[in-house]
There are 2 protein chains.
Amino acid sequence: MIDAKHVTITDSEWEVMRAIWTMGQTTSRELIDTMNQLEGWSDSTTKTLLHRLIKKGAVEQTGASRPFTFKPVVGEKESMSAAADDLFDHMCAMRAGSTIAQVIKTRELSKSDIAELQKILAEKAKDAPEMVHCNCLPGKMTCEEDS
Amino acid sequence: MIDAKHVTITDSEWEVMRAIWTMGQTTSRELIDTMNQLEGWSDSTTKTLLHRLIKKGAVEQTGASRPFTFKPVVGEKESMSAAADDLFDHMCAMRAGSTIAQVIKTRELSKSDIAELQKILAEKAKDAPEMVHCNCLPGKMTCEEDS
DNA sequence: ACATTAAGTTTACAACTGTAACTTATCTTT
DNA sequence: AAAGATAAGTTACAGTTGTAAACTTAATGT
């Protein structure tokens, strides 16, 4: 699995990747049928998306003769992290905490997910700063109140 | 502040919103200068973006005579939550936990952010499921191992 | 070996985005 | 009131994305 960081996957390509990641590997036919079921896409649409993914190096095509096999080149976990990091990188640092809080509130998390998060937080609490400043404008250190 | 949920803000519009949110309210000149400093954009670029934001109802223009005042219509916090929710909505539910973990690890969080997250987690732990299933494909309940 | 079918590749095209020039309307200053 | 300076609004234009038709090449059944 290679640098998910530098491959940009668009929204609909992302849907295709989810399918491929979950199937582990697949053929074009299987993928086309899946996407048709999942999203109602035509054969062509899935084919195009698959090709774009290959071209950008997110998926690889293997096999000697025709029904080729397609498998992910970038990992799911690392792609997810990259996407999440990218999102937070463009948000006000001061409000990241409350955004994460909101996400945690609304997502379904398993007991072990929660335990893991608690462990990370306990560790992080040790040398956490008193407050995180707004980094939206040069010079300005705080935003307005909660909104 | 109105339904951030239904206003779609693009990446560069988002940069403009950050500035407006942080300034609270602003004039076109001030915003143009800010974006020029921050992103190196020409006057026109900021004007266009500002107009698109007004058109889609994310910003409002007020004032009687010319240097008008611009202020946010959608809230920052709610927009951030909407963006984060949207991201996770398109990701494998089974892996949301580890993605959140990764985000927490890399973000700077204040002591009170952490305390808040801990409180939410403690509460959530009470009736958390043993495991969360993959929701990427109909029928398939688990993805491959961690990758 | 040929027709049929399935797999893979190209081309298309409108909507949306990032970026900005050009134009018009409105203040301000003389 | 006319000129000059600003602010606001319109138009532009190439690149990306979502969606899919059309075309080409390789496998398969007869």
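Every chain is numbered from 1 and lettered A, B, ... according to where its sequence line falls, protein lines coming before strand lines. Since we're looking at a predicted model, the values are computed, not measured. Basis for what follows: all heavy atoms, side chains included, without hydrogens, waters or symmetry-related copies.
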Measuring only between side-chain heavy atoms, which start at C-beta, is [X] closer than 4.5 Å to [Y]?
X      : Y      : value
A:E76  : B:C92  : yes
A:L109 : A:L117 : yes
B:V16  : B:V59  : no

Hey, does the side chain of B:N135 reach the backbone of B:A93 with a donor-acceptor pair shorter than 3.5 angstrom?
->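 Checked: pair present.
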Taking the side chain from B:W14 and the backbone from A:H90, do they hold a donor-acceptor pair closer than 3.5 Å?
->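 Yes, because the side chain of B:W14 sits within donor-acceptor range (under 3.5 Å) of the backbone of A:H90.
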For A:K77 against B:S98, the heavy-atom pair lying closest together =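 The pair with the smallest heavy-atom distance is CE-OG, 3.8 Å.
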Could I get the full list of side chain to side chain contact (heavy atoms under 4.5 Å, CB included) partners for A:T106, not counting sequence neighbours?
->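 Listed in chain order: A:Q102, B:D85.
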Using the test side chain to side chain contact (heavy atoms under 4.5 Å, CB included), find all partners of A:K71 that sit at least two apart in sequence or belong to another chain.
->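 Scan of A:K71 (side chain to side chain contact (heavy atoms under 4.5 Å, CB included), adjacent residues dropped) gives A:Q25, A:E60, A:T62, A:T69.
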Strand-adjacent residues in residues 28-47 of chain A, judged by heavy atoms under 4.0 Å from DNA chain D =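 Per residue number, the list reads A:W41, A:S42, A:S44, A:T45.
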Interatomic distance where CG belongs to B:D11 and C1' belongs to C:dT19 [whole Å] =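 Result: 14 Å.
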Of all residues at least two apart in sequence or in a different chain, which pass the salt bridge (charged side-chain N to carboxylate O under 4.0 Å, His left out) check with [X]?
X      : result
A:D43  : A:R29
B:E123 : B:K126
A:D86  : none

What parts of residues 50-62 of chain B reach DNA chain C, counting only heavy atoms under 4.0 Å away?
->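 Listed by number, they are B:R52.
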Not counting sequence neighbours, list each pair that qualifies as a salt bridge (Lys or Arg N to Asp or Glu O under 4.0 Å) and has a residue in residues 11-28 of chain A.
->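 Passing the test, one end in residues 11-28 of chain A: A:E13-A:K56, A:E15-A:R18.
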Secondary-structure stems, DNA chain D, at least 3 Watson-Crick or G-U base pairs under 3.5 Å |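 Paired runs of 3+ in DNA chain D: C:1-30 with D:1-30.
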Contact state string [nucleotides 24-30 of chain C, B base, S sugar-phosphate only, - no protein heavy atom under 4.0 Å] = -BSS---
With distance as the sole criterion, is a donor-acceptor pair present between the side chains of A:T45 and A:T48 under 3.5 Å?
->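 There is no such pair (donor and acceptor under 3.5 Å, judged by atom type) between the side chains of A:T45 and A:T48.
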In chain order, what residues pass the ring-ring contact (aromatic ring centres under 6.0 Å, His included) check against B:W41, with sequence neighbours excluded?
->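 Listed in chain order: nothing, the list is empty.
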Does a salt bridge link B:D89 with A:R107, judged by any charged N lying under 4.0 Å from a carboxylate O?
->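 Result for this pair is yes, salt bridge flagged.
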With a 4.0 angstrom cut-off to heavy atoms of chain A, pull out the first and last contacting nucleotide of DNA chain D, in 5'-to-3' order.
->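 Using the under 4.0 Å cut-off, the span is D:dT17 to D:dA27.
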If you pin A:F70 and B:S12 to their nearest nucleotides in DNA chain C, which one's is more 5'?
->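 Taking each residue's closest nucleotide, the earlier one in sequence belongs to A:F70.
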